[in-house]
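We count residues from 1, following the sequence as given.
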Amino acid sequence: MATDSYIPQAQLARLNGLVAPGKVVVVYGPRRVGKTTLVRRYAQQYDPEALVVTGEDISVREYLESQSLARLKAFVGQRRTLIVDEAQYVRNIGLNLKLLADHVEDLRIIATGSSSFDLAQQTGEPLTGRKYTLLLLPLAQMELQEVEEAHETRAQLELRLIYGSYPEVVLMESNEDRELYIRELVASYLLKDILQLEGVRHADKLQRLLQLLAFQIGREVSVAELGTHLGMTRNTVDRYLDLLEKAYVVYSRQGFSRNLRKEVTKSRRYYFYDNGLRNGLINNFNPLSLREDTGALWENYVVVERLKHNLYTGRLLESRFWRTYDQQEIDLVEEWGGRLQAAEMKWSSRAAVRAPAGWRKAYPGASFRVVHPENYLDFITG
């Protein structure tokens, strides 16, 4: 794969379908996942006359913070599409975009922000009924398969488990460069949005919290236990976990139940949106042959790739796990079209696995499959 390659983004067509006169499309996602690339590619491919600006530019902010309809109209001029990248840097961006959407005929607006709370707090209420949201995550395998041959995908699997799928990481040619990039991402960008919030002061504890989660992939997390380790109250840990989810660093799943008393439902399991970030947090980029956490890496990778696939193909369903108090469990349960679908992640394709007896008895009509390196592509790319 050439280092200057553009990897087709699944959300590009979706973005084009959402852009409409009088509406604002807000593109969210973690830093460095390609939001700027997405909106510039949109302008290049669908709307070359669009006005593309960045909220990091002080002169742009002077106009977009003005709340003056005359100045806002002068800024847009005769353009019929306005794209504001890094819109979270613009104060009162929601109110100003509302003025433009309401008073400039046929204007289409796209704004990007680095995380949900960063921009949602400013666009939520002012743009009620006027906005669509689009989430962008690190590259999905369904996107990478557009530029890879089958043998390349097989060869890249170990790299994906260790270094993840951030666009720049994927395009790098050496593991040394990948490690340096991920370490910089962890040190400089990972917690940047959260630490800018009022009342969040403990970068060291946030990072330690993430490290504790990194060692518990695929297991239920005890908030009380995390608080004991960190010297924090349960409420503070809950708040930090919520912020980490809103910043798209981690993703949590609840237990599935149809109200059977023996099923676990209240606890949560946490996964990282990117394997590389997870490994960067614990400073472990060893090859799989030297690791004891390959099963956890595999489960994290498949669960999040499945999430991306469902999101990008419009399958709006919840992903859950299933476990009983007598320790029967299944990694992933989805309900789609009235049918239950269950999947167990196994790194070894030789593992003979059946659905647990308790699951078969409680949900006899559900499907069950084992996802391993020999058959995973169908599961995460459709």
Side-chain angles (χ1 to χ4, degrees), residues 1-16 27-42 44-45 112 134-182 185 248-249 251 271-280 285 287-288 294 296-315 319 332 343 345 347 349 371-382:
M1 189 187 301
T3 55
D4 60 349
S5 299
Y6 169 70
I7 299 168
Q9 295 167 289
Q11 292 287 55
L12 181 58
R14 175 68 172 158
L15 174 60
N16 183 50
V27 182
Y28 293 127
R31 293 178 181 271
R32 311 303 289 270
V33 296
K35 297 184 297 297
T36 299
T37 300
L38 179 73
V39 295
R40 291 187 180 277
R41 196 76 182 189
Y42 166 82
Q44 176 186 332
Q45 188 165 326
T112 77
L134 200 65
L135 175 60
L136 194 68
L137 295 170
L139 289 168
Q141 183 57 45
M142 63 180 288
E143 296 170 311
L144 291 166
Q145 72 178 4
E146 298 297 317
V147 295
E148 287 181 343
E149 300 294 337
H151 70 278
E152 291 179 304
T153 298
R154 288 192 294 271
Q156 295 291 327
L157 178 57
E158 179 167 350
L159 290 179
R160 304 271 151 78
L161 295 184
I162 296 171
Y163 298 105
S165 302
Y166 270 76
E168 290 178 74
V169 169
V170 169
L171 293 172
M172 287 172 177
E173 296 184 340
S174 81
N175 290 343
E176 182 180 16
D177 287 343
R178 293 183 177 105
E179 289 183 27
L180 287 172
Y181 180 88
I182 292 168
L185 198 60
Y248 301 110
V249 179
Y251 155 62
Y271 298 82
F272 286 78
Y273 278 106
D274 186 75
N275 273 35
L277 280 185
R278 183 266 183 183
N279 290 327
F285 295 104
L288 297 182
T294 302
L297 290 177
W298 178 242
E299 182 174 340
N300 193 96
Y301 174 76
V302 174
V303 165
V304 173
E305 285 295 321
R306 179 71 171 182
L307 167 72
K308 295 176 194 174
H309 178 262
N310 287 340
L311 175 69
Y312 292 170
T313 56
R315 288 163 54 96
S319 168
L332 187 148
M345 318 311 168
W347 178 244
S349 59
V371 181
H372 53 71
E374 300 301 319
N375 68 2
Y376 76 105
L377 284 174
D378 177 62
F379 189 67
I380 66 173
T381 68

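The two residues Tyr271 and Val303 make their nearest non-hydrogen contact at CE2-CG2, 4.1 Å. Contact record, Ser165 with Glu305: OG-OE2, 4.4 Å, taken as the closest heavy-atom pair. Closest heavy-atom contact between Pro167 and Gly34: CG-N, 4.5 Å. Closest of all the heavy-atom pairs between Ile380 and Met142 is O-CB, 4.4 Å. A pairwise comparison of heavy atoms in Leu135 and Gln11 identifies O-NE2, 2.8 Å as the closest pair. Between Glu148 and Thr153, the closest heavy-atom pair is OE1-OG1, 2.7 Å.
Residues satisfying the ring pair (Phe, Tyr, Trp, His ring centres under 6.0 Å) criterion with Phe285, sequence neighbours excluded, are Tyr163. With sequence neighbours excluded, no residue forms a salt bridge (charged side-chain N to carboxylate O under 4.0 Å, His left out) with Arg178. In this structure, the ring pair (Phe, Tyr, Trp, His ring centres under 6.0 Å) partners of Tyr376, at least two apart in sequence or on a different chain, are Trp298. Listed by chain and number, the residues in a salt bridge (charged side-chain N to carboxylate O under 4.0 Å, His left out) with Glu143 amount to none (sequence neighbours excluded). Take Tyr251 and apply the ring pair (Phe, Tyr, Trp, His ring centres under 6.0 Å) test, not counting sequence neighbours, and it matches Tyr273. Every salt bridge (charged side-chain N to carboxylate O under 4.0 Å, His left out) that Glu168 has, sequence neighbours left out, goes to Arg32.
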**Message:** As a quick check of understanding, evaluate side-chain contact (heavy atoms from CB on, under 4.5 Å) for Leu137 and Val33, giving each step before the final call.
**Reply:** CA-CA 6 Å; Leu137 295 170; Val33 296; 5.8 Å; no
**Message:** For a side-chain contact (heavy atoms from CB on, under 4.5 Å) check, start with the C-alpha distance between Ile182 and Tyr166, then their side-chain angles and the critical distance, and finish with the verdict.
**Reply:** CA-CA 9 Å; Ile182 292 168; Tyr166 270 76; over 6 Å; no
**Asked** Passes side-chain contact (heavy atoms from CB on, under 4.5 Å), Tyr301 versus Leu157? Steps please.
**Response** CA-CA 10 Å; Tyr301 174 76; Leu157 178 57; 4.0 Å; yes
**Request:** Check step by step if side-chain contact (heavy atoms from CB on, under 4.5 Å) holds for Asn16 and Gln45.
**Result:** CA-CA 10 Å; Asn16 183 50; Gln45 188 165 326; over 6 Å; no
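Checking Gln141 against Thr381 by side-chain atom types alone, no donor-acceptor pair falls below 3.5 Å.
Counting non-hydrogen atoms of other residues, nucleotides and ligands closer than 6.0 Å to CD of Glu146 gives a total above 12.
Atom CG in Leu15 sits 6.0 Å away from atom CG in Leu134 (nearest 0.5 Å). If you take OG1 on Thr294 and CG on Leu288, they are separated by 4.5 Å, rounding to the nearest 0.5 Å. To the nearest 0.5 angstrom, Gln9 atom CD is 14.5 Å from Tyr42 atom OH. The CG atom of Leu136 lies 9.0 Å from the CG atom of Leu311; values are rounded to the nearest 0.5 Å. Note that CG of Leu139 and CD1 of Ile7 are 5.0 Å apart. Values are rounded to the nearest 0.5 Å. Taking CG from Leu159 and CG from Asn175, the interatomic distance works out to 5.5 Å, rounded to the nearest 0.5 Å.
Here the side chains of Leu12 and Leu38 are in contact, with some heavy-atom distance below 4.5 Å. Between Val147 and Pro8, the closest side-chain pair of non-hydrogen atoms falls below 4.5 Å. Side-chain contact between Arg278 and Leu297 is present, with heavy atoms from C-beta onward closer than 4.5 Å. Using a 4.5 Å cut-off on side-chain heavy atoms (C-beta onward), Lys308 and Pro138 make contact.
Formation of a donor-acceptor pair under 3.5 Å by the Arg315 side chain with backbone atoms of His309 is not found in this model. With Asn279 contributing its side chain and Ile162 its backbone, the two residues share a donor-acceptor pair below 3.5 Å.
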